[in-house]
Asker: 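The structure follows.
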Amino acid sequence: MKAKLLERRNPFDKSFTSVIHSFPYFLDIWHYHPEMELVYISKSSGTRFIGDSIQPFSPGELVLIGEDLPHLWQNDQAYFEKGSELKAEAITIHFKKEFAGKEFLEIPEMKEIAELFQRAGQGIVFSPEVAESARELMLGIHRESGFIRLKLFLELLQMLVEESEYSLLSTKGFINPGENLGDTRIDRVYSYTFNNFRKNITLEEVADISNLNPTAFCRFFKKATKKNYSKFLNEIRIGYACKLLLEQKLNISEVGYESGFNNLSNFNRQFRNILGLSPSAYLQKHQKHN
């Protein structure tokens with residue numbers, strides 16, 4: 001399965017769309033679209049995939065996603081269980097960079113917003129404080145129409161421009177599977193990895209789904225993503241491990257095995273290599289922060 005291109009059409013009388021979602025769970029499809037996306041999570045928790053970033057998500061999160069950047073909000077398993085009364089709710093705005101005209105971003109007054117859009121190519125998650133302020137503006141945008149709606153949207157963009165507390169999500173080396181020189185093999189590798197990272201994945205397996213031998217696959221993947229496959233796989237596993245650690249339902253050893261590592265020492269080593277601290281230190285740091 002490759003990253004799905006989702007087509008979105010704005011109503012004839014609107015330059016961008018605003019939607020309030022309320023579902024049993026979010027759309028469980030690895031996808032991308034030419035529109036940028038600003039999403040505020042009102043209710044729901046799970047794992048967020050944006051480019052090659054994998055992190056836990058929870059209510060109160062605000063994320064800006066650039067055009068054609070693949071993403072997926074994957075709810076926790078509890079959302080899919082029979083009889084579940086859990087809800088996945090979000091406020092979402094989809095818009096194209098040229099929503100106000102192709103030359104709009106070229107005027108001097110729009111320089112900072114153009115830079116914001118450029119950063120969004122990696123995905124941006126904002127601080128809880130700006131997320132709450134953005135929620136109010138997004139609700140206003142959803143209610144209003146005409147010039148007032150556009151005015152509020154520009155105010156929202158300006159607020160995001162002025163925010164210094166944010167984190168970029170995907171790495172600069174990530175190549176959008178939707179535009180990887182027409183080669184769909186990287187799509188299959190990403191999808192297979194997202195669906196199977198908790199079990200043992202051999203180089204022969206991913207090489208086979210790419211119709212390459214292991215040596216050729218290693219060259220192909222490194223050229224496409226600027227990193228080797230084992231590093232990519234470990235980053236996915238450690239991202240998932242962070243989510244499990246923050247849930248505090250499993251001990252550190254159990255988290256390691258649940259994330260796809262076959263022994264605790266390897267889990268600790270890879271965790272430290274990627275995040276610069278041990279699993280226990282990561283958990284302590286998070287608890288202290290909260």
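The basis for the numbers below is simple: all heavy atoms, side chains too, and nothing from hydrogens, waters or symmetry mates.
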Asker: To the nearest 0.5 angstrom, please state how far the OG1 atom of T47 sits from the CG atom of D76.
Answerer: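 Here the interatomic distance stands at 6.0 Å.
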
Asker: Classify the ring geometry of F80 against Y25: parallel below 30°, tilted from 30° to 60°, perpendicular beyond 60°.
Answerer: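 The arrangement is tilted - the two ring planes meet at 30° to 60°.
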
Asker: With no hydrogens and no angle check, do the side chains of Q77 and E81 hold a donor and an acceptor under 3.5 Å apart?
Answerer: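 No.
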
Asker: Just how far is it from atom CD1 of I141 to atom CG of L150, taken to the nearest 0.5 Å?
Answerer: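 The CG atom of L150 is 9.5 Å from CD1 of I141, to the nearest 0.5 Å.
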
Asker: For residues H94 and F16, determine if any side-chain heavy atom of one lies less than 4.5 Å from a side-chain heavy atom of the other.
Answerer: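 Not in contact.
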
Asker: Test of understanding: clusters of I, L, V, M, F, W, Y form through side-chain heavy atoms closer than 4.5 Å, transitively. Do I65 and V19 belong to the same one?
Answerer: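 Result: no, two separate clusters.
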
Asker: Check the surroundings of atom CD in E136: do more than 12 heavy atoms from other residues, nucleotides or ligands lie under 6.0 Å from it?
Answerer: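 Check passes, neighbour count above 12.
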
Asker: Within the 4.5 Å heavy-atom criterion, are T92 and E37 side-chain neighbours or not?
Answerer: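 Yes; the side chains approach each other to less than 4.5 Å.
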
Asker: If every non-hydrogen atom of A134 is compared with every non-hydrogen atom of L156, which pair is closest and at what distance?
Answerer: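 Taking every non-hydrogen atom into account, CB-CD1, 3.8 Å.
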
Asker: Does any part of the side chain of C218, heavy atoms only, come nearer than 4.5 Å to the side chain of N228, both counted from C-beta?
Answerer: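 Of all side-chain heavy-atom pairs linking C218 with N228, none is under 4.5 Å.
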
Asker: Evaluate the ring planes of F23 and H21, with Trp represented by its six-membered ring, and classify them as parallel (under 30°), tilted (30 to 60°) or perpendicular (over 60°).
Answerer: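 Tilted: the ring planes of F23 and H21 meet at 30° to 60°.
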
Asker: Would you say Y79 ends up clustered with L27 if hydrophobic residues are merged whenever their side chains have heavy atoms under 4.5 Å apart, either directly or through other cluster members?
Answerer: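 In one cluster: no.
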
Asker: L137 and L154: same hydrophobic cluster, using ILVMFWY side-chain contacts below 4.5 Å?
Answerer: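 Linked within one cluster.
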
Asker: Working to the nearest 0.5 Å, report the span between CG of L203 and OG of S230.
Answerer: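 Atom-to-atom, L203:CG and S230:OG are 8.5 Å apart.
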
Asker: Check this for me, if you would: do E61 and R48 make a salt bridge, where the nitrogen-to-carboxylate-oxygen distance has to be below 4.0 angstrom?
Answerer: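 Yes, E61 and R48 are salt-bridged.
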
Asker: I201 and L233: side-chain contact (heavy atoms from CB on, under 4.5 Å), yes or no, with the steps?
Answerer: CA-CA 9 Å; I201 299 178; L233 176 58; 4.1 Å; yes

Asker: Return the minimal non-hydrogen interatomic distance between E258 and Y240, and the atom names on each side.
Answerer: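 Distance-wise, the nearest heavy atoms are O-CE2, 4.0 Å.
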
Asker: So which heavy atom on E144 is nearest to which on R149, and how close?
Answerer: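 Distance-wise, the nearest heavy atoms are O-CD, 3.5 Å.
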
Asker: Does any non-hydrogen side-chain atom of I124 lie less than 4.5 Å from one of L160?
Answerer: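 When only atoms from C-beta onward are counted, I124 and L160 do not touch, as no gap falls below 4.5 Å.
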
Asker: Rounded to the nearest 0.5 Å, how far does CD of E35 lie from CG of D68?
Answerer: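 Reported to 0.5 Å precision, the distance equals 8.5 Å.
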
Asker: Only distances under 3.5 Å count here; give the side-chain donor-acceptor pairs of residues 204-212 to other protein atoms, sequence neighbours excluded, each with its distance to 0.1 Å.
Answerer:
from	atom 1	to	atom 2	distance (Å)
E205	OE1	Y192	OH	2.4
E205	OE2	T202	N	3.0
E205	OE2	T202	OG1	3.3
S210	OG	V206	O	2.9

Asker: For the CD atom on Q118, are there more than 12 heavy atoms of other groups (residues, nucleotides or ligands in this structure) within a distance under 6.0 Å?
Answerer: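 Atom CD in Q118 is not packed in, count stays at 12 or less.
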
Asker: Flag the pair F194 / L72 as yes when at least one side-chain heavy-atom distance between them is below 4.5 Å, and no otherwise.
Answerer: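 They are not in contact (no side-chain heavy atoms under 4.5 Å apart), so the answer is no.
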
Asker: Hey, does the side chain of S84 reach the backbone of A78 with a donor-acceptor pair shorter than 3.5 angstrom?
Answerer: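 Yes: the side chain of S84 pairs with the backbone of A78.
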
Asker: Between F271 and N234, is the side-chain contact (heavy atoms from CB on, under 4.5 Å) condition met? List the steps.
Answerer: CA-CA 8 Å; F271 200 102; N234 283 328; over 6 Å; no

Asker: About how many Å separate CG of L152 and CE of M159, when rounded to the nearest 0.5 Å?
Answerer: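 Output value for this atom pair is 11.0 Å.
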
Asker: How about F261 and Y257: are their ring centres within less than 6.0 Å of each other?
Answerer: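 They do not qualify: ring centres at least 6.0 Å apart.
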
Asker: For residues L244 and S259, report the shortest heavy-atom separation together with the two atoms involved.
Answerer: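 Residues L244 and S259, closest heavy atoms: CD1-OG, 3.8 Å.
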
Asker: Suppose the criterion is ring pair (Phe, Tyr, Trp, His ring centres under 6.0 Å): which pairs have a residue in residues 101-139, not counting sequence neighbours?
Answerer: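 Listed once each, the pairs are F95-F117.
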
Asker: Is it the case that one hydrophobic cluster holds both L86 and F57, taking links as side-chain heavy atoms less than 4.5 Å apart, direct or via other members?
Answerer: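 Result: no, two separate clusters.
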
Asker: Would a distance-only check, ignoring hydrogens and angles, find a side-chain to backbone donor-acceptor pair under 3.5 Å from H71 to L69?
Answerer: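 Yes; judged by distance alone, with no hydrogens or angles, the pair exists.
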
Asker: Is there a donor-acceptor contact under 3.5 Å linking the side chains of S45 and N75?
Answerer: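 Note: S45 and N75 side chains miss the donor-acceptor criterion.
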
Asker: Taking C-beta and beyond as the side chain, do I186 and F221 meet within less than 4.5 Å on heavy atoms?
Answerer: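 They are in contact (side-chain heavy atoms under 4.5 Å apart), so the answer is yes.
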
Asker: Heavy atoms, side chains only, cut-off 4.5 Å: are L64 and L116 in contact?
Answerer: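 Yes, at least one pair of side-chain atoms sits under 4.5 Å.
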
Asker: Do you see a donor-acceptor pair shorter than 3.5 Å between the side chains of E89 and S22?
Answerer: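 Indeed, the side chains of E89 and S22 share at least one donor-acceptor pair under 3.5 Å.
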
Asker: Let's go through K231 and E235 carefully: what are the C-alpha distance in whole Å and the side-chain angles of both, what is the deciding distance for side-chain contact (heavy atoms from CB on, under 4.5 Å) to 0.1 Å, and is it a yes or a no?
Answerer: CA-CA 6 Å; K231 181 179 181 182; E235 287 176 347; 3.2 Å; yes

Asker: Determine, using ring centers only, whether Y190 and F232 are less than 6.0 Å apart.
Answerer: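 Yes.
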
Asker: Quick one: list whatever passes side-chain contact (heavy atoms from CB on, under 4.5 Å) with E129, sequence neighbours left out.
Answerer: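 In terms of side-chain contact (heavy atoms from CB on, under 4.5 Å), with neighbours along the sequence ignored, E129 is linked to S127.
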
Asker: E67 and H33: side-chain donor and acceptor closer than 3.5 Å?
Answerer: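 No, no side-chain donor-acceptor pair sits under 3.5 Å.
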
Asker: How close do I50 and G123 get, counting heavy atoms only, and between which atoms?
Answerer: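 Shortest heavy-atom separation between I50 and G123 comes out as CG2-CA, 4.3 Å.
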
Asker: Start with the C-alpha gap between L105 and I113, add the side-chain angles, then the distance that decides, and say whether side-chain contact (heavy atoms from CB on, under 4.5 Å) holds.
Answerer: CA-CA 8 Å; L105 289 178; I113 290 180; 4.3 Å; yes

Asker: Minimum heavy-atom separation for Y40 and G60, please, with both atom names.
Answerer: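 Between these two residues, the closest heavy atoms are OH-CA, 3.6 Å.
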
Asker: First locate atom CD1 of I41, then atom CZ of R135, and finally report the distance between them rounded to the nearest 0.5 Å.
Answerer: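 So the CD1 of I41 and the CZ of R135 are separated by 13.0 Å.
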
Asker: Are I148 and I93 linked, directly or through intermediate hydrophobic residues, by side-chain heavy-atom contacts shorter than 4.5 Å (ILVMFWY only)?
Answerer: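 Yes, I93 connects to I148 through the hydrophobic network.
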
Asker: Are side-chain heavy atoms of S44 and W73 found at a separation under 4.5 Å?
Answerer: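 Not in contact.
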
Asker: Taking atom types as modelled, find out whether T193 and Y229 have a side-chain donor-acceptor pair closer than 3.5 angstrom.
Answerer: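 Per modelled atom types, T193 and Y229 side chains form a pair under 3.5 Å.
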
Asker: Can a side-chain donor-acceptor contact be found between S253 and N251 if the only test is distance below 3.5 angstrom?
Answerer: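 No, S253 and N251 have no side-chain donor paired with an acceptor closer than 3.5 Å.
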
